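Note sheet for the following structure.
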There are 2 protein chains.
Amino acid sequence: MDRLPDDIVQLDAETFASEGSQHHREELRLWLRLLTCTTMIEGEVRRRLRRDFDVTLPRFDLMAQLDKSPAGLTLSDISKRMMVSNGNITGLVDRLVASGHVTRRASETDRRAQVIRLTELGRAEFRRMADAHEGWIADMFAELTRDGVDDLMALLGRTKDSVRKACCNA
Amino acid sequence: MDRLPDDIVQLDAETFASEGSQHHREELRLWLRLLTCTTMIEGEVRRRLRRDFDVTLPRFDLMAQLDKSPAGLTLSDISKRMMVSNGNITGLVDRLVASGHVTRRASETDRRAQVIRLTELGRAEFRRMADAHEGWIADMFAELTRDGVDDLMALLGRTKDSVRKACCNA
DNA sequence: CCGCTTTACTTTAAGCTTCAAACATCGGCT
DNA sequence: AGCCGATGTTTGAAGCTTAAAGTAAAGCGG
């Protein structure tokens, strides 16, 4: 019987009126923390890529995708994998072609599509950057234990599934 | 004495030639997964903010900071809290002033600084958006258990500390 | 009080990003 | 063959973002 007042208090506090119809504070805090972690790492990687290799993060990311697919990728492929809009990729590729890091060539099977590939220069530069990059990332996660890394990996896997369900309702 | 060979093997594997000087693959995969989660959520939030409220994510984020600080914030405060460059905030605030969502006023104690505050319109609109936003986030994390949320929170807390040490060497 | 460093902000150039609209091509269907 | 919805790409406008350089004011140590 003396449990009830506690529940009421929780819903009745001033937080209720000012916050919204439900208390999803925990998830919100979780999201903000997730965003903070990503922003911190991303910012540092961006800074170091520019400082050490004079390259932007989007250029690096695009080259990373191409490095994983030696047969080449279409603009749409790249767009899906990088999770950015397709119009974005057009300009990014334009600039990478101009600097000699990638090539565009017409697809042989689809006259709408173009296949983008790393040039030798592009691949060589990417390898150098990727080496350094891998070390930076390792450093940033260095304080996590082996189990910490595994646990985080698993939890983020579940998060990804959860987000996918909520967004694509699939 | 028989420890030595193991260390050599570690550096001598074929991963060495193709990957870099150490195998930090796990951390790299973890980072990519973290980035994927954030990108998915951020993209969906951006899309919904635009669709339902015709507002951009940076504008929403800035208003969120101001909502948390009713006394107002200087441009530098905002810049630090949002973890974006200071030049960025100038333009963002300009546009928010133009649309009547925030006010700039000179600081009374520091003639260099300006205090930015939400207007009544800004606060009202932010509240509406924040309500919806909180629900969206809750939905996206809905498949995580209570413990999952707590564990993730804790692990990301440790990650944040680790990143901070690696970046600011402090 | 002067000079120096730091802090607050603005400006510019270059690049990134999205969205929406336009266009070409593809593939299936009749 | 011809239509039609889906897919691949480009374009343009608006806005976001950073880095770097510049101005102004604050604060500190002589």
Side-chain angles (χ1 to χ4, degrees), chain A residues 35 38-40 42-63 65 72-99 101-102 104-116, chain B residues 35 38-40 42-63 65 72-99 101-102 104-116:
Chain A
L35 184 57
T38 300
T39 304
M40 287 173 68
E42 197 171 82
E44 188 63 19
V45 167
R46 183 196 316 281
R47 211 168 301 128
R48 294 184 188 189
L49 280 174
R50 181 178 296 272
R51 184 193 59 188
D52 296 349
F53 302 103
D54 195 35
V55 77
T56 64
L57 183 52
R59 283 171 74 104
F60 175 79
D61 286 343
L62 178 23
M63 288 194 273
Q65 294 301 331
L73 292 172
T74 66
L75 297 189
S76 303
D77 288 337
I78 299 172
S79 158
K80 283 186 197 89
R81 290 174 202 222
M82 291 179 67
M83 293 191 284
V84 301
S85 65
N86 44 6
N88 194 349
I89 302 299
T90 298
L92 218 32
V93 167
D94 284 348
R95 284 182 290 272
L96 281 166
V97 169
S99 60
H101 291 85
V102 311
R104 323 171 87 114
R105 74 173 45 187
S107 163
E108 291 171 6
T109 58
D110 187 336
R111 264 188 300 172
R112 294 167 302 175
Q114 302 178 43
V115 179
I116 313 300
Chain B
L35 184 56
T38 301
T39 305
M40 287 173 67
E42 196 171 80
E44 187 65 18
V45 168
R46 183 196 314 283
R47 208 168 303 128
R48 293 186 189 186
L49 280 174
R50 180 179 296 273
R51 183 195 59 190
D52 296 349
F53 302 104
D54 194 35
V55 78
T56 65
L57 184 51
R59 285 171 73 105
F60 175 78
D61 286 342
L62 178 25
M63 287 195 274
Q65 294 302 330
L73 292 172
T74 67
L75 296 188
S76 304
D77 288 337
I78 299 172
S79 159
K80 284 185 197 89
R81 291 176 201 220
M82 291 178 67
M83 292 191 285
V84 300
S85 64
N86 44 6
N88 194 350
I89 302 298
T90 298
L92 218 31
V93 167
D94 284 348
R95 285 183 289 271
L96 281 166
V97 169
S99 61
H101 291 84
V102 311
R104 323 170 87 115
R105 74 172 46 189
S107 162
E108 292 171 4
T109 59
D110 185 337
R111 263 189 300 172
R112 296 167 301 175
Q114 302 177 45
V115 179
I116 312 301

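In this text, all values refer to a predicted model and were calculated from it rather than measured experimentally. Throughout, protein chains are lettered first and strands after them, A, B, ... in sequence-line order, and every chain is numbered starting at 1.
- Computed from coordinates, the B:Arg95 CZ to D:dT17 P distance equals 9 Å when rounded to whole Å.
- Residue A:Met63 contributes atom CE, which lies 11 Å from atom P of C:dC16 at whole-angstrom precision.
- In this structure a side-chain-to-backbone donor-acceptor pair under 3.5 Å is missing from A:Asp61 to A:Pro58.
- One atom, CE of B:Met83, and another, C1' of D:dT18, lie 16 Å apart when rounded to the nearest Å.
- Residue order along DNA chain D, read from the 5' end via each residue's closest nucleotide, puts B:Pro58 first among A:Arg47 and B:Pro58.
- When all heavy atoms of A:Thr90 and A:Arg104 are compared, the closest pair comes out as O-NH1, 4.4 Å.
- As rounded to whole Å, 15 Å separates atom P of D:dC16 from atom CZ of B:Phe60.
- As a whole-Å value, the separation of A:Leu62 CG from C:dT17 C1' is 14 Å.
- Counting non-hydrogen atoms under 4.0 angstrom, B:Arg51 reaches nothing in the nucleic acid.
- Nucleic acid contact class of B:Leu57 (heavy atoms, under 4.0 Å, all strands): none.
- Summary of the strand contacts: B:Gly91 and A:Val84 both lie near DNA chain C, and taking for each the nucleotide with the nearest heavy atom, the more 5' one is attributed to B:Gly91.
- Between the CZ atom of B:Arg59 and the C1' atom of D:dT17 there is a distance of 16 Å, rounded to whole Å.
- Shown here is A:Arg105, whose CZ atom has no more than 12 heavy atoms of other residues, nucleotides or ligands within 6.0 Å.
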Could you list all N or O pairs between the protein and nucleotides 6-10 of chain C that sit under 3.5 Å apart?
| unit_1 | atom_1 | unit_2 | atom_2 | d |
| --- | --- | --- | --- | --- |
| C:dT7 | O2 | B:Arg112 | NH1 | 2.3 |
| C:dC9 | OP1 | B:Gln114 | N | 2.6 |
| C:dC9 | OP1 | B:Gln114 | O | 3.4 |
| C:dC9 | OP2 | B:Leu75 | N | 3.2 |
| C:dC9 | OP2 | B:Ser76 | N | 2.7 |
| C:dC9 | OP2 | B:Ser76 | OG | 2.7 |
| C:dC9 | O3' | B:Gln114 | NE2 | 3.2 |
| C:dT10 | OP1 | B:Arg104 | NH2 | 2.9 |
| C:dT10 | OP1 | B:Gln114 | NE2 | 3.1 |
| C:dT10 | OP2 | B:Thr90 | OG1 | 2.9 |
| C:dT10 | OP2 | B:Arg104 | NH2 | 3.3 |

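- Taking 4.0 angstrom as the limit, A:Thr56 places none of its side-chain polar atoms (N or O) nearer than this to OP1 or OP2 of D:dT18.
- Between D:dA26 and B:Arg111, a contact under 4.0 Å exists linking OP1 or OP2 to a side-chain N or O.
- Side-chain N or O atoms of A:Ser79 include one that pairs as donor or acceptor with a backbone N or O of A:Val84 at under 3.5 Å.
- Contact of the B:Ile116 side chain with the B:Leu75 side chain is registered, since non-hydrogen atoms from C-beta on lie closer than 4.5 Å.
- The shortest heavy-atom contact between B:Val93 and B:Val102 is O-CG2, 4.2 Å.
- Between the CZ atom of A:Arg50 and the C1' atom of C:dC16 there is a distance of 11 Å, given to the nearest Å.
- Heavy atoms only, all atoms of each residue included: B:Leu96 and B:Ser99 are closest at O-OG, 3.3 Å.
- One interatomic measurement links the two molecules: CZ of A:Arg46 to C1' of D:dC16, which rounds to 11 Å at whole-angstrom precision.
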